[in-house]
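Data first, discussion second: the structure below is written as structure tokens.
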Number of protein chains: 2
Amino acid sequence: MAVASSISTRIINAVLSQKLKPGARLGEQELATLFQCSRTIVREAMVDLAARGIVIVSPRRGWYLPEVNVEMARELYDAREIIETGLLRAFARRKETLDAGTLARLRVHLAEQKAAIESEDVERRSYLLGDFHVCLAQCLGNQVLASKLRDLTVLTTLFTMRHQTPGDARLSYEEHVAVVDALASGNASAAEHCMCQHLGTWEAKVHLVREHDPLEKLRQALTSPKDLPARVSRPAVEAKADEGNI
Amino acid sequence: MAVASSISTRIINAVLSQKLKPGARLGEQELATLFQCSRTIVREAMVDLAARGIVIVSPRRGWYLPEVNVEMARELYDAREIIETGLLRAFARRKETLDAGTLARLRVHLAEQKAAIESEDVERRSYLLGDFHVCLAQCLGNQVLASKLRDLTVLTTLFTMRHQTPGDARLSYEEHVAVVDALASGNASAAEHCMCQHLGTWEAKVHLVREHDPLEKLRQALTSPKDLPARVSRPAVEAKADEGNI
DNA sequence: CATTCATATCTTGCATACAAGATTGATTGA
DNA sequence: TCAATCAATCTTGTATGCAAGATATGAATG
């Protein structure tokens, strides 16, 4: 017996952990039995996620994780760069400085990232590398933008999963460390620069996808609801994927 | 008989038109009879709006438009400045230029703003002055951020309504014209500067509110769910308010 | 007269029932 | 053998019923 918010949170975390792939079907009855509640609660969670763009509904067919195409991926990466560098820029302009508690929270997060990488815990590593950006936004003091950023992060994760961008987890981790180090030394502008570079390398890969995969346009064109994979042939719980994080 | 999305859209537009005030109660049965549908559809719309932060739910009491406090208003204005200037900055960096059709759309929007101001159509004027920012974001090519920006605009409108910031509609309109003019002349950086100034004057007023109204903190502290106005004494349809737009 | 308590009414939270549409799979025909 | 059709099954969309909690009203009491 669960409330709707816990269901949507679980789904979001599953995506960030790359345990749910784009195109995955989210059956109402399946989720209802899994969470031991009625379909009403599940639908409430689905409507919540749909409002945030994290699931899409195909009428009378069901709820699916979106297949993020290249155009949307460009928007998503642009949006993330604008928000994340903008937060750091505003922080720098205010000449604020992170208090010890907040800095400690970021250090702990970095330590968890490192531990997940070294223990080769792929799911947790994927989750933490994505969650870091949200955590940073929260630490910079804007809960509203942090909330919006979480949704964007979920969608970019869906994109990188499908396109198997060869992500280097350790490199991402080190770039995260660079951002926090810059903030710790009171140089928020440098942190902004680090973040811009960090996101920029990933954003650049979006453009490469289009050139690298000439079938991209055709594939996207053919991914209309009718061409979605059949229901029973697609298990709800996907096998674990790896890499592809920021 | 209406679908959920039309209900949520109508509510959003009513807020942008300042026909619904912060703290307004949205009764399920009331809306169901008004839209000639069952409570199920209404609840779907409410969950949608709640996911976007536009309504808050008080358990077993009902759905309310939020009373945006000063802290959240600061976050909202920061977020809007980051997103809106960021979009213009990215546009400038790409050295893109608006095509004729897009520019025409913005010009039409400006003309409608002017007409609403001159005919003293307060509701439409309020709506258009807020909607312009969303329209601009769409024209700059990022639908994802435009969607998020719409939700933020609704919330800032709620804030300005409560705090009765003395908005000068004509000044806002002229600043909108300046932004579009700069874009039309291919100077997106200038447009970013105009927008930053446009938003900055409003954001500065948020800080003034705190100093101007020493009861602000107390008022916010006492606005817990229990202290919300009683149900029957608060009609669902509010009288029209005026001014307070960006 | 003010305060407290109990009851009646109203509203939301949740589950369930039923209708409508979609998919699957078997059957029929060429 | 392949294509088309039709029936059976499954899934979502919507309405409704009932329980639980909250508010308001009025009586009773100090």
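Note on naming: letters A, B, ... go to the chains in the order of the sequence lines (proteins, then strands), and numbering restarts at 1 for each one.
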[atom1] of [X] versus [atom2] of [N]: gap in Å, rounded?
X     : N      : atom1 : atom2 : result
B/E44 : D/dA15 : CD    : P     : 10 Å
B/R43 : C/dA15 : CZ    : C1'   : 12 Å
A/I7  : C/dC14 : CD1   : C1'   : 13 Å
A/Y64 : D/dT11 : OH    : P     : 11 Å
A/E28 : C/dA22 : CD    : C1'   : 14 Å
A/Q29 : D/dT12 : CD    : P     : 8 Å
B/M46 : C/dT12 : CE    : C1'   : 13 Å
B/F35 : D/dA15 : CZ    : C1'   : 18 Å

Would you please confirm or rule out a distance under 4.0 Å between OP1 or OP2 of D/dA15 and any side-chain N or O of B/S38?
yes
With a 4.5 Å limit on heavy-atom distance, are the side chains of B/E67 and B/F159 in contact?
no
Starting the side chain at C-beta, find the nucleotide from C/dC14, D/dA15, C/dT11 nearest to B/R25.
C/dT11
Just compare D/dT16, D/dT23, C/dC14 and give me whichever is closest to any side-chain atom of B/R61.
D/dT23
B/T102: which residues meet the side chain to side chain contact (heavy atoms under 4.5 Å, CB included) condition with it, sequence neighbours left out?
B/L98, B/D99, B/C139
Taking all heavy atoms of [X] and all of [Y], pick out the closest pair and write down the distance.
X      : Y      : result
B/Q113 : B/L129 : OE1-CD2, 3.5 Å
B/I54  : B/L155 : CA-CD2, 4.3 Å
A/M46  : A/V55  : O-CG2, 3.6 Å
A/C37  : A/A2   : CB-O, 4.1 Å
A/L128 : A/A116 : CD1-CB, 4.1 Å

Hey, which of A/Q29, A/E44, A/E28 is the one that makes side chain to side chain donor-acceptor pair (under 3.5 Å) with A/R39?
A/E28
Filtered N/O pairs between nucleotides 7-9 of chain C and protein, under 3.5 Å:
none

Just checking, any donor-acceptor pair under 3.5 angstrom between side chains of A/S17 and A/R124?
no
Polar pairs (N or O, both sides) under 3.5 Å between protein and nucleotides 17-20 of chain D?
from: D/dA20; atom 1: N3; to: B/R60; atom 2: NH1; distance (Å): 3.1

